[in-house]
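Note that the structure is predicted; figures quoted are calculated from it, not measured. Residues: numbered from 1 along the sequence shown.
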Amino acid sequence: MKLQVINSPFNEEQVKLLNELLPKLTIEQKIWLNGYLSAPQATLEELVEDALPAVEPITKTMTILYGSQTGNSQGLAEKYASALKAQNVDVTISSLGKFKATNLKKITNLLLIVSTHGEGDPPDQAIQFYEFLHSKRAPKLEHLHYSVLALGDSSYEFFCKTGKDFDEQFAKLGAKRIVPRTDCDVDYDDAAAQWFLAVEKEFLQQTTAVTATATATQTKENQGLGDSTYSRKNPFYAEVLENINLNGRGSNKETRHLELSIEGANFHFEPGDSIGIQPENDEQLVSALLTALEFNPETEVTVLDEAITIRQALQKKLEITVLSKPLLEKVSAYTKHPEFLKLLEEPNAWKDYAEGRDLLDVVEDFAPFTWSAQQFVEMLRKIPARLYSIASSQKANSEEVHLTISKVSYETNGRQRLGVCSGSISERIQPGDTLPIYVHKNPNFRLPENEDTPIIMIGAGTGVAPYRAFLEEREELGIEGKAWLIFGDQHFVTDFLYQTDWQRWLASGTLSQMHVAFSRDTEKKVYVQHKLQEHAASFYEWLQQGAVIYVCGDKKSMAADVDATIHQIIEQQGQKTPEEAKSFVKELKQQKRYQRDVY
């Protein structure tokens with residue numbers, strides 16, 4: 001937009017100069033200029049004088065450490081490092097797995113961004129640092145200024161426990177908080193941005209409204225950086241091209257192979273990354289819940305600063321299928337039902353009740369409640385996106401992305417239940433429909449940079465999805481190095497997911513060997529860890545050759561059993577003590593030679 005001379009205090013020459021300058025200014029420069037000139041006694045001479053030293057001396061340093069299992073913490077750390085560097089801060093960024101804990105004595109400012117995994121566990125890469133900080137060897141840290149951003153999932157009992165533990169331990173060791181810790185749920189964008197704004201303001205001593213506005217603008221712009229304009233907050237609506245059941249007739253399972261068109265999305269992803277799907281709740285479940293609540297479905301409520309009907313809120317916006325302890329504690333404010341109150345008083349009683357149940361059960365089992373429609377929706381959190389490992393290579397399918405999704409279906413309390421996302425995909429989504437999606441980067445689950453590095457891929461059920469992407473990528477690049485797949489499921493005849501793909505890659509040399517474990521085909525159940533133990537000598541030999549181990553699938557059973565077996569093999573084949581084997585596995589993780597995508 002050009003300035004006009006009419007009714008302007010500038011002459012034509014000044015207008016010409018301004019029109020040459022203004023289009024070249026960034027948003028931050030315009031905000032700064034506006035704030036500077038609006039300040040009392042600001043003069044053009046001062047402006048020019050202040051603008052002359054283009055390169056300011058770096059006077060502040062900041063170390064940013066992250067502990068990430070799926071890449072969220074790392075993504076935030078990298079974004080905030082860039083923002084601080086742009087403001088002449090000398091920034092060092094590192095994963096907790098690579099940072100020497102003894103170097104804490106050498107730094108003065110620290111930002112720690114860390115997720116909590118499973119039932120309160122640190123991410124794999126953070127375990128060693130966590131143990132050191134909580135040991136007698138941890139140094140006094142009176143010189144250190146720090147702040148913690150904790151990522152977690154409030155549906156788990158030990159919400160953000162790792163971040164809380166780090167925050168408390170730093171304080172015990174004498175460190176001082178730059179700003180208080182922020183605990184983020186799965187929908188973390190806004191809370192994380194507010195934490196960083198507070199850190200910036202305190203750390204850089206920004207006190208004027210102008211700089212705060214500029215920082216907010218910059219943070220918003222940083223959030224939009226990336227390969228695509230689409231994100232979790234602004235998903236791309238991808239057309240469903242195929243939706244096929246991979247299991248044969250008579251299987252106990254239903255596993256969907258989903259092919260989505262990403263034409264026009266400008267997505268860029270690598271094998272190991274995931275696709276996030278923003279699901280909606282089942283209409284029938286929402287109707288049943290509204291009936292039990294005795295709310296008019298057209299009652300207007302405010303959710304996330306938007307006025308919508310309660311039916312729309314419960315179907316499209318809010319989580320109603322997961323019972324967590326924080327949610328039940330909120331519910332307790334609206335009832336005096338003695339049996340409900342016992343759930344929170346007796347140890348683990350709430351866990352036993354919550355297993356497999358949802359909000360409809362609570363409303364039906366413990367009525368009456370005293371809440372209004374608005375009070376009810378204010379207790380609920382936003383529906384979390386569901387992440388699914390990408391099962392295709394973008395090099396091989398540039399305009400498509402493939403997913404492998406297992407239908408969650410079970411019966412509890414006399415009612416059939418379906419997974420929010422998997423149920424919709426298996427029962428309602430047809431080719432031609434669209435799904436709101438975004439790319440979720442996972443830098444902690446990656447093929448080795450050196451093509452000659454052997455890879456060992458271990459997975460059961462849908463845990464095999466990323467390995468299809470791995471091998472499709474290697475086929476496209478013409479790589480025929482050592483690649484070993486260990487796959488498990490229930491039955492050979494009905495549950496051998498992607499069987500023809502594996503056979504083709506075995507024939508071409510893209511996959512050098514494969515072992516399978518079908519647990520229900522033999523009297524004694526055989527799982528992937530048994531196949532691993534059966535080939536223990538080969539497994540250890542591959543490790544000695546520098547192989548990278550990948551494990552994908554269920555954390556509580558499969559991944560835990562595989563981990564225990566890996567420790568045993570290293571102990572037996574390497575003739576090591578249990579402690580030496582444990583240390584060896586830690587070293588593998590630090591070297592990114594043992595990578596896990598578990599859930």
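- Within the cation-pi definition used here (under 6.0 Å to the ring centroid, within 45° of the axis), Lys60 qualifies as a partner of Phe203.
- Aromatic ring pairs are classed by plane angle as parallel below 30°, tilted from 30° to 60° and perpendicular above 60°; the pair Phe170 and Phe129 is tilted.
- With Tyr230 as reference, Phe236 is the one residue of Phe236, Phe269, Tyr438 to meet the ring pair (Phe, Tyr, Trp, His ring centres under 6.0 Å) rule.
- Atom CE of Met558 is separated from atom CG of Asp563 by 11.0 Å, given to the nearest 0.5 angstrom.
- In this structure, Leu133 and Phe166 have side chains that are in contact, with non-hydrogen atoms separated by less than 4.5 Å.
- At a threshold of 4.5 Å between non-hydrogen side-chain atoms, the residues Leu318 and Val303 count as touching.
- If you check the side chains of Gln394 and Glu400, you find no donor sitting under 3.5 Å from an acceptor.
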Yes or no on salt bridge (charged side-chain N to carboxylate O under 4.0 Å, His left out) for Glu168 and Arg181, after CA distance, side-chain angles and deciding distance?
CA-CA 10 Å; Glu168 290 170 8; Arg181 183 190 75 249; 5.3 Å; no
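- Side-chain N or O atoms of Lys164 include one that pairs as donor or acceptor with a backbone N or O of Phe159 at under 3.5 Å.
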Taking it one step at a time, do Phe445 and Cys552 satisfy side-chain contact (heavy atoms from CB on, under 4.5 Å)?
CA-CA 9 Å; Phe445 205 74; Cys552 183; 4.2 Å; yes
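- A salt bridge between Lys85 and Asp90 is absent, with no side-chain N of the basic residue lying under 4.0 Å from a carboxylate O of the acidic one.
- Annotation: Gln374, atom CD; neighbour count of heavy atoms from other residues, nucleotides and ligands within 6.0 Å is above 12.
- A donor-acceptor contact shorter than 3.5 Å is absent between the side chain of Asp185 and the backbone of Asp187.
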Intermediate values then yes/no, side-chain contact (heavy atoms from CB on, under 4.5 Å), Ile275 and Leu387:
CA-CA 6 Å; Ile275 288 291; Leu387 293 178; over 6 Å; no
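- Panel note: side chain Tyr467, backbone Tyr550; a donor-acceptor pair is recorded below 3.5 Å.
- Going from atom CG of Leu65 over to atom CD1 of Ile93 covers 9.0 Å, rounded to the nearest 0.5 Å.
- Judged by the 6.0 Å distance and 45° axis criteria, Arg232 is positioned over the aromatic ring of Tyr188.
- Counting heavy atoms of neighbouring residues, nucleotides and ligands inside a 6.0 Å radius, atom NZ of Lys176 exceeds 12 of them.
- A salt bridge does not link Lys395 with Glu270: none of the charged nitrogens is closer than 4.0 Å to a carboxylate oxygen.
- A side-chain donor-acceptor contact under 3.5 Å links Asp167 and Tyr146.
- Inspection of the Gln69 and Asn442 side chains reveals no N or O donor paired with an N or O acceptor under 3.5 Å.
- If you take OG on Ser115 and NZ on Lys161, they are separated by 13.5 Å, rounding to the nearest 0.5 Å.
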Please lay out, stage by stage, how Val401 and Phe267 fare under the test side-chain contact (heavy atoms from CB on, under 4.5 Å).
CA-CA 10 Å; Val401 64; Phe267 283 153; over 6 Å; no
Evaluate the criterion side-chain hydrogen bond (donor to acceptor under 3.5 Å, both in side chains) for residue pair Gln125 and Gln590; output intermediate values, then yes/no.
CA-CA 7 Å; Gln125 60 181 215; Gln590 283 186 305; over 6 Å; no
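- Using a 4.0 Å cut-off between a side-chain N of Lys or Arg and a carboxylate O of Asp or Glu, Arg381 and Asp153 qualify as a salt bridge.
- More than 12 heavy atoms of other shown residues, nucleotides or ligands fall within 6.0 angstrom of atom CD in Glu142.
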Please evaluate residues Glu280 and Ile383 with respect to the criterion side-chain contact (heavy atoms from CB on, under 4.5 Å), reporting the C-alpha separation (whole Å), side-chain torsions for both, the decisive distance (0.1 Å), and the verdict.
CA-CA 8 Å; Glu280 292 184 4; Ile383 302 176; 5.5 Å; no
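- Defined by atom type and a distance below 3.5 Å, a donor-acceptor pair is present between the side-chain atoms of Ser393 and Glu473.
- None of Lys317, Lys316, Lys382 except one satisfies the salt bridge (charged side-chain N to carboxylate O under 4.0 Å, His left out) rule with Glu306; the exception is Lys317.
- Under a 3.5 Å cut-off, the side chain of Gln194 and the backbone N or O of Thr182 do not form any donor-acceptor pair.
- Using a 4.0 Å cut-off between a side-chain N of Lys or Arg and a carboxylate O of Asp or Glu, Arg446 and Asp597 do not qualify as a salt bridge.
- No hydrogens or angles considered: a donor-acceptor pair under 3.5 Å links the side chains of Arg468 and His402.
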Under the side-chain hydrogen bond (donor to acceptor under 3.5 Å, both in side chains) criterion, do Ser68 and Gln74 qualify, and how do the steps go?
CA-CA 6 Å; Ser68 189; Gln74 182 173 348; 5.2 Å; no
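- Val199 pairs with exactly one of Leu84, Leu111, Asn109 by the side chain to side chain contact (heavy atoms under 4.5 Å, CB included) rule, that one being Leu111.
- The backbone N or O of Glu449 sits nowhere less than 3.5 Å from a side-chain atom of Thr453 that would complete a donor-acceptor pair.
- Among Asp183, Asp165, Leu151, the single residue meeting the side chain to side chain contact (heavy atoms under 4.5 Å, CB included) criterion with Cys160 is Asp183.
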